[in-house]
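The block underneath contains the structure these notes are about, expressed in structure tokens.
The sequence lines fix the lettering, A, B, ..., with proteins before strands; numbering per chain opens at 1. Note that this is a predicted model, so its numbers are computed, not measured.
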Number of protein chains: 2
Amino acid sequence: MASTPSSLPRDTRIDAERFWSTIERSAEIGLGREGGLSRLALSDADKEMRDVFVGWCREAGLAATVDKVGNIFARRAGRENDLPPVVMGSHLDTQANGGRFDGIVGVLGALEVVRRLNDIGHITRRPIEIVDWTNEEGGRFSPPMTASGCFAGAYSLDFVHGRPGDDGPTFGEELKRIGYLGEAPVGGRPLDAYFELHIEQGPILDAERIEVGVVTHAYASHGFLVAFRGETAHTGPWPMEKRRNALVAAARLLVAVDDIGWDHAATGGKATAARLAAWPNKAGILSDWAECVCDVRHDDPATAAVMAERVTRGVGEAAARAGCTAEILDRWQWGGRIFDADMVAGVRETARSLGYNHRDLPSQAGHDAYFLARVCPTAMIFTPCRGGITHNNNEFASREELAPGVNVLLHAAVARADR
Amino acid sequence: MASTPSSLPRDTRIDAERFWSTIERSAEIGLGREGGLSRLALSDADKEMRDVFVGWCREAGLAATVDKVGNIFARRAGRENDLPPVVMGSHLDTQANGGRFDGIVGVLGALEVVRRLNDIGHITRRPIEIVDWTNEEGGRFSPPMTASGCFAGAYSLDFVHGRPGDDGPTFGEELKRIGYLGEAPVGGRPLDAYFELHIEQGPILDAERIEVGVVTHAYASHGFLVAFRGETAHTGPWPMEKRRNALVAAARLLVAVDDIGWDHAATGGKATAARLAAWPNKAGILSDWAECVCDVRHDDPATAAVMAERVTRGVGEAAARAGCTAEILDRWQWGGRIFDADMVAGVRETARSLGYNHRDLPSQAGHDAYFLARVCPTAMIFTPCRGGITHNNNEFASREELAPGVNVLLHAAVARADR
């Protein structure tokens, strides 16, 4: 009979009821539409959830530390505490119309792993840390994954603190207001490994009735923040040929982006018109400013690069057509073979040895793990997600569907920490 | 030698310096971008301007009354005060990037007319009233021309008071806050006539070096408020063929509207993508709601009707293409031969008799006068507007360019009031 890669008894399993009770408690904080959550980063609801989470960590004997961008690290000592820790986690914030599982499963699954280790008195060789990354969703402060990006050195502390919220105050002001402006430096310390358990946020595992997704790589994604500049004028008498309506330029770009997505839909490509803001954006006056966020994604990096180039040309085309100027203010790119091959193999072997049906698949969404992969060996584990529905109040996964992923996290993380 | 239609001595002219000084004082209140104003309706700046205006009216011996939607009427008694008044006016609010003349010229021009009548001791047969209509621009509260619409019975008092501002409080709350929630009923009283002097907001008079525009009719305009409903989902894994991104539907409609404008540009048609709002409108999540404001305008009503039908079909097409549902929440229509033929002829004859070069032309923008035309005989007088630039901080008209229009207002209004 095969053994697991982990040093735990092979039949060790998490307490699925206890884990589910934490999901249910979380689902009470920051209620959104029916069944969903609207727990925007650094809101009162986020603070409440953080307080509950820190309370649970302390009860589990962990030492909680908060860094200067609000990331919470809860540490369980190992046998050799000078060794870098094995870190597990995700995020507790949600989109404005978010679900009860996205991100949350990764943080509370890690908590359950630690609780289980406490139950059985297993002390790992390396210390273990649970992490809640601040503002993964970007539902209130842009960009998403702000704080894991800062941890990985992609964003400066000042940049993160200065991010304006949609409702006025900055990231830094809100962090201070809710009492999570910590003193620990952000990043700059070695991590042994990072595991992120997450709902798939896609339909594959659910459709194929697969219990565990072994995340091999990430879709190649290219994102764009584009600004158009035109000129205000009256919507009535001003002749078409003199108009420089930035809203028209932005709308033309977003339509072009959507068309790109359809052209590559048959091979699983996606292109998203995500955001459009304009000013003054009122009846009676042409807008002289508009800003768009859009992205393209494809499993094949070469195809994604072609899609991205088409967006770039689409920016110029949309601007020219509307008589405006355009500037690509920011471009981001992620994806590819960023995960650690040994850790991915370890996750696959763990799923197999625990008797779960499993499959390899790419991640298509953005995750904090993408930034962590720049810092340390990283792997992701996916659970099913009913119908692939996510970023929606109807997001769902049952405790039976979630438990296998948490068990794989338990054994894979302990194997890593004990090696 | 021809006489003017007015009972005033033919060489009576306004005091252009005094008039200009009121324009300059107004230009200090609610500063916007360089040279422009941002005096949004019911803001602190609007209150300040109203206070100044009411002070000027009182100094001119007028009795100021405020109605329940904040319209200010300043009355100058006539010889027969039981007769309905001749009303002159426009609005003192501006767009967010507005100019120093749009609307303002009509109110302060009317004030100068009254001051001139005071100078020469001329008492008209009918009383004269100056009016400042609240929120003509709709730069903060939609729809535009809210309060003249209420005066004409198009909008109920409750509807107007409940209009939400872009920055939170309602029209009614802001009206009360700035102290202009008056007690006078809105409308419901007979007016003898309404004159509105306005900058052209188009390039014709300036290009042709014409001093006075005789407004014969209004462009046929059709406006639309359209809402699209879709479904939130993740911008990454969610397949193109399952997406119901309301932002895409809205962008597709606005592009279609812009195309309609270009197809009719050669005959002076216009189509405007004016506003787009979406929710959540963030990176990472598809929007499940979007709302657009758009309009089409043409001098020929039949052509405008065809353009409008194309918008209507475009709404369905955009929704279908994006997998969304659509609802046209509001449609408005104005224009046509709405002005009083005798008053238009009187304006034309006045301009001729005063020796101004003048021409007939249509109005292409929306004006309070369109609603007043439903209530009483109405006419508009246009002054030049440099380069046709308006709803822009570079809007400009010199005192020399404005004076002829104010003089035509003086003689035409007095002729009407004395008949």
Side-chain angles (χ1 to χ4, degrees), chain A residues 95-97 137-139 142-144 200-202 219 221 223 231-241 245 247-248 250-252 254-255 258 261-262 265 268-286 288 293 295 297 322 364-366 388-392, chain B residues 95-97 137-139 142-144 200-202 219 221 223 231-241 245 247-248 250-252 254-255 258 261-262 265 268-286 288 293 295 297 322 364-366 388-392:
Chain A
Q95 291 280 351
N97 187 29
E137 294 291 6
S142 295
E200 180 198 338
Q201 304 194 284
Y219 255 48
S221 298
E231 177 91 32
T232 67
H234 199 292
T235 55
W238 200 234
M240 292 301 295
E241 61 273 22
N245 186 349
L247 178 54
V248 166
R252 288 191 179 276
L254 294 190
V255 168
D258 191 57
W262 283 97
K270 283 99 185 175
T272 302
R275 174 174 165 82
L276 192 165
W279 190 90
N281 199 33
K282 295 294 287 183
I285 186 166
L286 305 183
D288 67 6
V293 174
D295 63 59
R297 307 180 194 219
Q364 300 189 41
I389 294 168
T390 185
H391 287 192
N392 185 292
Chain B
Q95 292 280 350
N97 187 29
E137 294 291 5
S142 294
E200 180 198 338
Q201 305 194 282
Y219 255 49
S221 299
E231 178 91 33
T232 67
H234 199 292
T235 56
W238 200 235
M240 292 301 294
E241 61 273 24
N245 186 349
L247 177 55
V248 165
R252 288 191 179 276
L254 294 190
V255 168
D258 190 57
W262 283 97
K270 283 99 185 175
T272 302
R275 174 173 166 83
L276 192 165
W279 191 91
N281 199 33
K282 296 294 287 182
I285 185 166
L286 306 182
D288 67 4
V293 174
D295 64 59
R297 306 180 196 219
Q364 299 189 43
I389 294 169
T390 184
H391 286 193
N392 186 292

Problem set entry | Atom of A273(B), atom of L247(A) and distance for their closest heavy-atom approach | O-CD2, 3.5 Å
For this session: Give the minimum heavy-atom separation between A283(B) and V293(A), together with the two atoms involved.
Result: CB-CG1, 3.8 Å
For this session: Would you mind telling me which of A265(A), G202(A), S221(A), A365(A) has the largest number of heavy-atom pairs within less than 4.5 Å of chain B?
Result: A365(A)
Exercise. Picking from D288(B), D258(B), I389(B), V248(B), which has the most non-hydrogen pairs under 4.5 angstrom with chain A?
Worked result: D258(B)
Exercise. Is it the backbone or the side chain of N245(B) that comes under 4.5 Å from a heavy atom of chain A, or both, or neither?
Worked result: side chain
Problem set entry | Separation of Q95(B) CD from L286(A) CG (nearest 0.5 Å) | 10.0 Å
Exercise. Out of A271(A), G223(A), G269(A), which one racks up the most heavy-atom pairs below 4.5 Å with chain B?
Worked result: A271(A)
Seminar exercise, completed: Pair count under 4.5 Å, heavy atoms only, with chain A: among P280(B), A250(B), A233(B), highest is A233(B)
Exercise. So which heavy atom on N392(A) is nearest to which on E231(B), and how close?
Worked result: ND2-OE2, 2.5 Å
Problem set entry | Heavy-atom contact with chain A under 4.5 Å, split by part of A96(B) | both
Exercise. Can you tell me how far CD of E241(B) sits from CH2 of W262(A), rounded to the nearest 0.5 angstrom?
Worked result: 6.5 Å
Problem set entry | Residue that, paired with T235(B), satisfies side-chain contact (heavy atoms from CB on, under 4.5 Å) out of H391(A), Q364(A), R297(A) | R297(A)
Exercise. What is the minimum heavy-atom distance between L254(B) and A251(A), and which atoms define it?
Worked result: CB-CB, 4.1 Å
Exercise. Does the pair N97(A) and W279(B) meet the rule for a side-chain contact (heavy atoms from CB on, under 4.5 Å), with working shown?
Worked result: CA-CA 10 Å; N97(A) 187 29; W279(B) 191 91; 3.8 Å; yes
Problem set entry | Minimum heavy-atom distance M240(A)-K270(B), with the two atoms named | SD-CA, 3.9 Å
Seminar exercise, completed: To the nearest 0.5 Å, atom OG1 of T390(B) lies from atom CD1 of I285(A) at 8.5 Å
